S.K.: 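Submitted below is the structure of interest, expressed as structure tokens.
All values derive from a computational prediction rather than experimental measurement. Along the sequence shown, residues are numbered consecutively beginning with 1.
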Amino acid sequence: MNNNISDSIRYVGVNDTDIQFFENQYPVPKGISYNSYLLKDSKIVLFDTVESDFGDEWLAKICLELGDRKPDFLVVHHMEPDHSSNITRAMNEFPDMKLVATRQAVNMLPQFFGDYDFEGRTMVVKDGDTLSTGEHELAFFTAPMVHWPEVLVSYEKTEKVIFSADAFGKFGSTEYDDDWLDEGRRYYINIVGKYGAQTQSLLKKLSQFDISVIAPLHGPVLKENLGKYVALYDTWSSYEPETKGVLVAYASVYGGTKECALEFADMLRAKGVENVMTYDLCRQELSEAISQAFRMSTLVLASVTYDASLFPPMHHFLHHLKMKNFRNRRVAVIENGSWAPVAGKLMTEAVSALPGMTVIPPMITIKSRMNEATREAMNLLADAIAADGKVSD
């Protein structure tokens, strides 16, 4: 995929196709990109660096684009190491280059680069500050906690480009020309999702600009249908469901809870609920389960009791939902336990502690395996969910 924006704004990022886990926890089977850009004008601006292992490739791309010219400025949008690791290498390579960043980012430099001498080589910017490069002009504004406190976003006025830091990024290297939505959603919910209020503030700042291109730090440069991406970010950061539908998330040891969850999903489909997804919390990727929980309007939790508590996969799922500020959903609960089921009580307490949550009765209790009585109760619960306009049109 060609991430070049124009003859003046060039892509010099790299793809990491060997990485297994982003942030050492999120599987990225299609890799990840570390995006960096060059603005070529009377003055040359380099936007961000790349992860430490890719410095040679990155510098080679910069030199190929510039020939004998050198960057005048390095704009640091985000200090996370996958974007900042080559800062000192770039400062050594281009000794006349100045670093442009927020005060918080400049204060972080010693944390990452020890005693390196940045004296006289930094330019602190704040909301509304500008930088003219000749035929282009950059306007800077802060985006604190999207998703670190030092984040900076830049708007290039001539070509109407937003350099959006981690916002609007996605998992997957740019070698894959795949649909943005699923991996863009999984990226936002798991990386930025906790900070909905701060993302809303960023969207308000973006609304003042006429934007033709969004250039994030991960994933493809976005050049078409930009309203779609902004609308999705507005929905996600408002903690509102993206889709009318139901996620049935289950955690089963010997199959009884799984059998119940799958049959309950079929009941919902038979009653006209169009979007029903099942997710095995023991076998499928947790970050995708979190992403789909945010996507859907209703969540069904089905878990076995384990050691007089919740089965760990369900506990981890609920813990991560809380970490990401999950809220404003309807939830149904199915518990299993061969002699002393407590999973239902614990799941109900966990979701009830989150803002804007509604627990749909009745709670279903299974003793080892389903029987006719539990199927009747499941049918009543399925009726209650299906009758809700929030799960189907």
Side-chain angles (χ1 to χ4, degrees), residues 9 12-13 23 34-39 43-52 71-91 94 96-133 136-157 161-169 188 191-209 211 213-218 233 237:
I9 303 177
V12 290
E23 292 191 348
Y34 310 117
N35 295 346
S36 176
Y37 307 90
L38 271 176
L39 170 58
K43 297 288 186 180
I44 295 174
V45 180
L46 176 59
F47 298 94
D48 301 293
T49 78
V50 298
E51 202 275 339
S52 57
D72 297 281
F73 302 98
L74 169 61
V75 174
V76 176
H77 290 114
H78 186 20
M79 280 296 297
E80 206 164 3
D82 54 337
H83 308 299
S84 68
S85 289
N86 278 284
I87 284 177
T88 54
R89 183 169 181 183
M91 300 296 275
F94 309 118
D96 295 324
M97 183 178 69
K98 280 200 168 185
L99 185 151
V100 180
T102 63
R103 170 56 62 192
Q104 292 95 327
V106 170
N107 290 343
M108 284 183 178
L109 289 170
Q111 298 173 205
F112 291 99
F113 303 111
D115 295 330
Y116 188 89
D117 185 9
F118 289 94
E119 183 68 30
R121 297 191 64 186
T122 62
M123 178 187 300
V124 172
V125 292
K126 60 186 182 304
D127 279 295
D129 287 349
T130 60
L131 174 65
S132 176
T133 64
H136 297 76
E137 185 177 57
L138 294 168
F140 301 108
F141 56 101
T142 59
M145 297 317 301
V146 186
H147 57 119
W148 277 25
E150 86 305 347
V151 172
L152 181 71
V153 175
S154 303
Y155 177 65
E156 199 292 298
K157 297 180 179 181
V161 180
I162 282 285
F163 296 94
S164 60
D166 269 354
F168 301 100
Y188 172 81
I191 305 300
V192 188
K194 179 181 178 69
Y195 304 105
Q198 292 86 347
T199 303
Q200 283 285 304
S201 295
L202 172 60
L203 293 177
K204 287 184 176 66
K205 290 182 180 182
L206 291 179
S207 68
Q208 68 185 288
F209 298 108
I211 301 172
V213 178
I214 298 175
L217 284 174
H218 295 292
Y233 260 57
S237 59

S.K.: Phe163 and Val45: side-chain contact (heavy atoms from CB on, under 4.5 Å), yes or no, with the steps?
M.R.: CA-CA 12 Å; Phe163 296 94; Val45 180; over 6 Å; no
S.K.: Could you pull out the closest heavy-atom pair between Ser85 and Ser52, with the gap in Å?
M.R.: CB-N, 3.5 Å
S.K.: Identify the two heavy atoms, one from Ile214 and one from Ile211, that lie closest to each other, and give their separation to 0.1 Å.
M.R.: CG1-CG2, 4.1 Å
S.K.: Under the rule for side-chain hydrogen bond (donor to acceptor under 3.5 Å, both in side chains), what residues qualify as partners of Asp72, not counting sequence neighbours?
M.R.: none
S.K.: Could you pull out all donor-acceptor pairs under 3.5 Å where a side-chain atom in residues 107-120 meets a protein atom, sequence neighbours excluded?
M.R.:
| from | atom 1 | to | atom 2 | distance (Å) |
| --- | --- | --- | --- | --- |
| Asn107 | ND2 | Arg103 | O | 3.4 |
| Tyr116 | OH | Asn92 | OD1 | 2.7 |
| Asp117 | OD1 | Glu119 | N | 2.9 |

S.K.: Quick one: NE2 on His136 to CG on Leu39, what's the gap to the nearest 0.5 Å?
M.R.: 5.5 Å
S.K.: List the residues meeting ring-ring contact (aromatic ring centres under 6.0 Å, His included) with Tyr188, not counting sequence neighbours, and say none if there are none.
M.R.: Tyr233, Trp236
S.K.: State which residues pass side-chain hydrogen bond (donor to acceptor under 3.5 Å, both in side chains) with Ser237; sequence neighbours excluded, sorted by chain then number.
M.R.: Gln200
S.K.: For the residue pair His218 and Asp82, establish whether any side-chain heavy-atom pair is separated by less than 4.5 Å.
M.R.: yes
S.K.: Could you grab the distance from atom CG of Leu46 to atom CG of Leu99, nearest 0.5 Å is fine?
M.R.: 10.0 Å
S.K.: Sequence neighbours excluded, which residues qualify as salt bridge (charged side-chain N to carboxylate O under 4.0 Å, His left out) partners of Glu137?
M.R.: Lys157
S.K.: Per the side-chain contact (heavy atoms from CB on, under 4.5 Å) rule, which among Val12, Ile87, Thr88, Val76 passes with Thr49?
M.R.: Ile87
S.K.: First locate atom OG of Ser164, then atom CG of Leu202, and finally report the distance between them rounded to the nearest 0.5 Å.
M.R.: 8.0 Å
S.K.: Just verifying a value: how many Å separate Met91 CE and Asn86 CG, rounded to the nearest 0.5 Å?
M.R.: 13.0 Å
S.K.: Can you tell me how far the CG atom of Leu131 sits from the CE atom of Met123, to the nearest 0.5 Å?
M.R.: 6.0 Å
S.K.: Would you give the length of the straight line joining atom CD1 of Ile44 to atom CZ of Phe94, rounded to the nearest 0.5 angstrom?
M.R.: 9.5 Å
S.K.: Sequence neighbours excluded and cut-off under 3.5 Å, please list the side-chain donor-acceptor pairs for residues 139-153, or say none.
M.R.:
| from | atom 1 | to | atom 2 | distance (Å) |
| --- | --- | --- | --- | --- |
| Thr142 | OG1 | Asp127 | OD2 | 2.8 |
| Thr142 | OG1 | Lys205 | NZ | 3.3 |
| His147 | NE2 | Glu80 | OE1 | 3.0 |
| His147 | NE2 | Asp166 | OD2 | 3.0 |
| Glu150 | OE2 | His78 | ND1 | 2.6 |
| Glu150 | OE2 | Met79 | N | 2.7 |

S.K.: For His77, run the side-chain hydrogen bond (donor to acceptor under 3.5 Å, both in side chains) check against Asp48, Thr102, Asn35 and tell me which one passes.
M.R.: Asp48
S.K.: Side-chain contact test, heavy atoms from C-beta onward, threshold under 4.5 Å: evaluate it for Val161 versus Phe47 and give yes or no.
M.R.: no
